[in-house]
> 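Once you've had a glance at the structure underneath, I'll fire off some questions.
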Amino acid sequence: MKVVLLAGGYGTRISEESQFKPKPMIEIGGKPILWHIMKEYSHYGFNEFIICAGYKQHVVKEWFADYFLHNSDITFDFTKSKNDMIIHNQHCEPWKVTVVDTGLNTMTGGRIKRIQSYIGNEPFMMTYGDGVCDVNISELVKFHQSHGKIATLTAVMLEQQKGVLDIGGDNAVHSFREKSANDGAPINAGYMVLNPEIFKYIGNDGTIFEREPLVKLAAAGQLMSYKHKGFWQCMDTKRELDLLNKMWDSGKAPWKVWEN
């Protein structure tokens with residue numbers, strides 16, 4: 001199952017960093033938060049990624065272009081009047097990464113629509129490139145497969161300004177609405193599993209995924225929630241970036257499931 005990562009926004013709320021690079025490329029512990037998210041999925045055996053790039057998309061492409069080089073032991077041999085490069089050991093993850101320029105001003109739904117040809121007619125996972133968690137992704141996928149609906153999102157209980165969910169006793173999302181400050185209600189934390197029928201709910205580049213598509217899915221009874229009671233943290237602001245770096249540096253990063 002492929003993993004789609006939204007990594008094309010401007011990241012204006014953390015402009016101290018995003019003026020130089022896309023928000024998903026802002027580093028925690030010396031690695032982009034995008035790398036951390038990919039390591040989470042890879043831990044559960046999901047190693048094929050499609051990155052929806054946009055703002056400063058060249059930064060994403062160049063980082064992955066250099067990744068193999070930077071994580072390998074290499075001999076550069078110039079003794080024969082040419083440049084021979086000998087790779088001894090490489091320490092890269094077994095990833096297949098497709099970086100797609102989905103446009104500078106494309107909305108979240110439009111970015112997903114643009115990578116439809118890379119998905120094909122199969123279920124896929126999707127999350128935002130600015131939040132980490134310790135959700136059990138294997139269990140999330142099993143839950144999605146068990147109910148047969150088009151979409152599953154991960155819901156967390158936090159007082160955050162995100163899309164607010166009305167969840168019934170059967171875990172069905174009965175409504176999806178825009179946030180109000182400190183709702184204290186379940187929120188959409190990303191980490192979604194989507195069937196290919198989702199593309200029918202997305203119009204064009206101007207479609208905001210969290211509005212019309214999710215609202216229509218909820219109204220049709222096709223949106224389910226996987227309730228996560230563990231750790232989740234987004235990186236919208238410099239304060240949240242500092243918090244995640246502090247957790248990483250202390251050795252107590254709950255999302256570091258690949259070493260637990």
Side-chain angles (χ1 to χ4, degrees), residues 2-43 46-72 90-93 95-115 118 125-133 160-162 189-192 205 208-210 231-250 253-256 258:
K2 299 180 180 72
V3 182
V4 174
L5 303 171
L6 294 182
Y10 286 98
T12 53
R13 292 179 63 192
I14 192 168
S15 59
E16 304 96 322
E17 298 280 345
S18 63
Q19 62 178 311
F20 305 111
K21 62 184 71 172
K23 184 163 67 165
M25 299 306 292
I26 296 173
E27 294 183 351
I28 300 170
K31 290 285 198 302
I33 189 172
L34 192 66
W35 176 89
H36 291 258
I37 297 168
M38 294 168 71
K39 287 285 285 187
E40 295 171 34
Y41 281 99
S42 187
H43 173 70
F46 301 102
N47 293 306
E48 186 168 354
F49 301 92
I50 300 169
I51 300 176
C52 300
Y55 170 69
K56 295 188 180 297
Q57 51 92 24
H58 67 280
V59 176
V60 183
K61 291 176 179 176
E62 289 172 2
W63 192 86
F64 281 103
D66 292 335
Y67 190 61
F68 187 86
L69 177 67
H70 292 173
N71 289 275
S72 301
Q90 62 88 16
H91 314 285
C92 293
E93 296 81 359
W95 292 347
K96 180 179 180 181
V97 185
T98 302
V99 183
V100 182
D101 182 1
T102 55
L104 188 59
N105 297 306
T106 310
M107 297 294 102
T108 48
R111 295 191 190 282
I112 297 169
K113 184 78 169 181
R114 285 204 185 194
I115 54 88
Y118 295 95
M125 289 180 280
M126 188 279 288
T127 197
Y128 305 100
D130 62 356
V132 289
C133 76
Q160 293 277 351
Q161 296 184 6
K162 304 291 180 187
Y191 289 86
M192 301 183 188
D205 282 359
I208 299 173
F209 187 67
E210 300 75 18
F231 175 84
W232 175 83
Q233 180 62 55
C234 63
M235 188 191 67
D236 280 339
T237 64
K238 182 64 163 56
R239 181 188 65 81
E240 290 167 341
L241 169 62
D242 292 342
L243 172 64
L244 290 170
N245 267 304
K246 183 177 180 180
M247 288 181 177
W248 183 266
D249 292 342
S250 70
W255 69 90
K256 197 177 181 181
W258 56 92

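Just so it is clear, the structure is predicted and the values come from calculations on it, not from any experiment.
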> So do the side chains of K96 and F49 get within less than 4.5 Å of each other, counting heavy atoms only?
no

> Does some side-chain heavy atom of D236 sit less than 4.5 Å from a side-chain heavy atom of K23?
yes

> Looking at A7 and P22, what are the two nearest heavy atoms and their distance?
O-CB, 4.3 Å

> Which atoms form the tightest heavy-atom contact between V4 and C52, and what is the distance?
CG1-SG, 3.7 Å

> Rounded to the nearest 0.5 Å, how far does CG of D130 lie from CD1 of I33?
6.5 Å

> Under 4.0 Å between a Lys/Arg side-chain N and an Asp/Glu carboxylate O for D205 and R114?
yes

> Here's a test for you: under ring pair (Phe, Tyr, Trp, His ring centres under 6.0 Å), which of F46, Y41, Y128, W255 qualifies with Y191?
Y41

> Take I14 and T237 through the side chain to side chain contact (heavy atoms under 4.5 Å, CB included) test and state the conclusion after the steps.
CA-CA 5 Å; I14 192 168; T237 64; 5.7 Å; no

> With side chain to side chain contact (heavy atoms under 4.5 Å, CB included) as the criterion, how do Y55 and L104 come out once you've worked through the C-alpha distance, each side chain's angles and the decisive distance to 0.1 Å?
CA-CA 5 Å; Y55 170 69; L104 188 59; 4.2 Å; yes

> Just wondering, more than 12 heavy atoms not from K246 lying within 6.0 Å of its NZ?
no

> Where the side chain of S72 meets the backbone of L69, is there a donor-acceptor pair that is under 3.5 Å apart?
no

> Which pair of non-hydrogen atoms, one from P24 and one from P32, has the smallest distance, and what is that distance?
O-CB, 3.5 Å

> Could you go step by step and tell me if N105 and Y10 meet the side chain to side chain contact (heavy atoms under 4.5 Å, CB included) rule?
CA-CA 9 Å; N105 297 306; Y10 286 98; 2.7 Å; yes

> Any chance you could measure M38, atom CE, to L34, atom CG, to the nearest 0.5 Å?
6.0 Å

> Considering non-hydrogen atoms only, spot the tightest contact between F231 and L244 and give its length.
CZ-CD2, 4.3 Å

> With side chain to side chain contact (heavy atoms under 4.5 Å, CB included) as the test, would you mind laying out the steps for K2 and T98 before giving the verdict?
CA-CA 10 Å; K2 299 180 180 72; T98 302; over 6 Å; no

> Return the CD1 to CD distance between I26 and E240, rounded to the nearest 0.5 Å.
11.5 Å

> When you look at Y118 and E48, which way does the side-chain hydrogen bond (donor to acceptor under 3.5 Å, both in side chains) test go after all the steps?
CA-CA 11 Å; Y118 295 95; E48 186 168 354; over 6 Å; no

> Given L5, which partner from the list I50, V99, T127, V97 fulfils the side chain to side chain contact (heavy atoms under 4.5 Å, CB included) test?
T127

> Are the side chain of H36 and the backbone of I28 linked by a donor-acceptor contact shorter than 3.5 Å?
yes

> Which donor-acceptor pairs under 3.5 Å do the side chains of residues 56-66 make with protein atoms, sequence neighbours left out?
residue, atom, partner, partner atom, Å
Q57, OE1, K61, NZ, 2.8

> Using the ring of each side chain (for Trp, its six-membered ring), is W35 parallel, tilted or perpendicular to W248, with breaks at 30° and 60°?
perpendicular

> Looking only at heavy atoms, which two atoms of W95 and S42 are closest? And how far apart?
NE1-OG, 3.1 Å

> Please check this pair: side chain of R111 against backbone of G103, looking for a donor-acceptor N/O pair closer than 3.5 Å.
yes

> Hey, are K238 and D242 close enough for a salt bridge, meaning a charged N less than 4.0 Å from a carboxylate O?
yes

> Rounded to the nearest 0.5 Å, how far does CD of E27 lie from NZ of K21?
4.5 Å

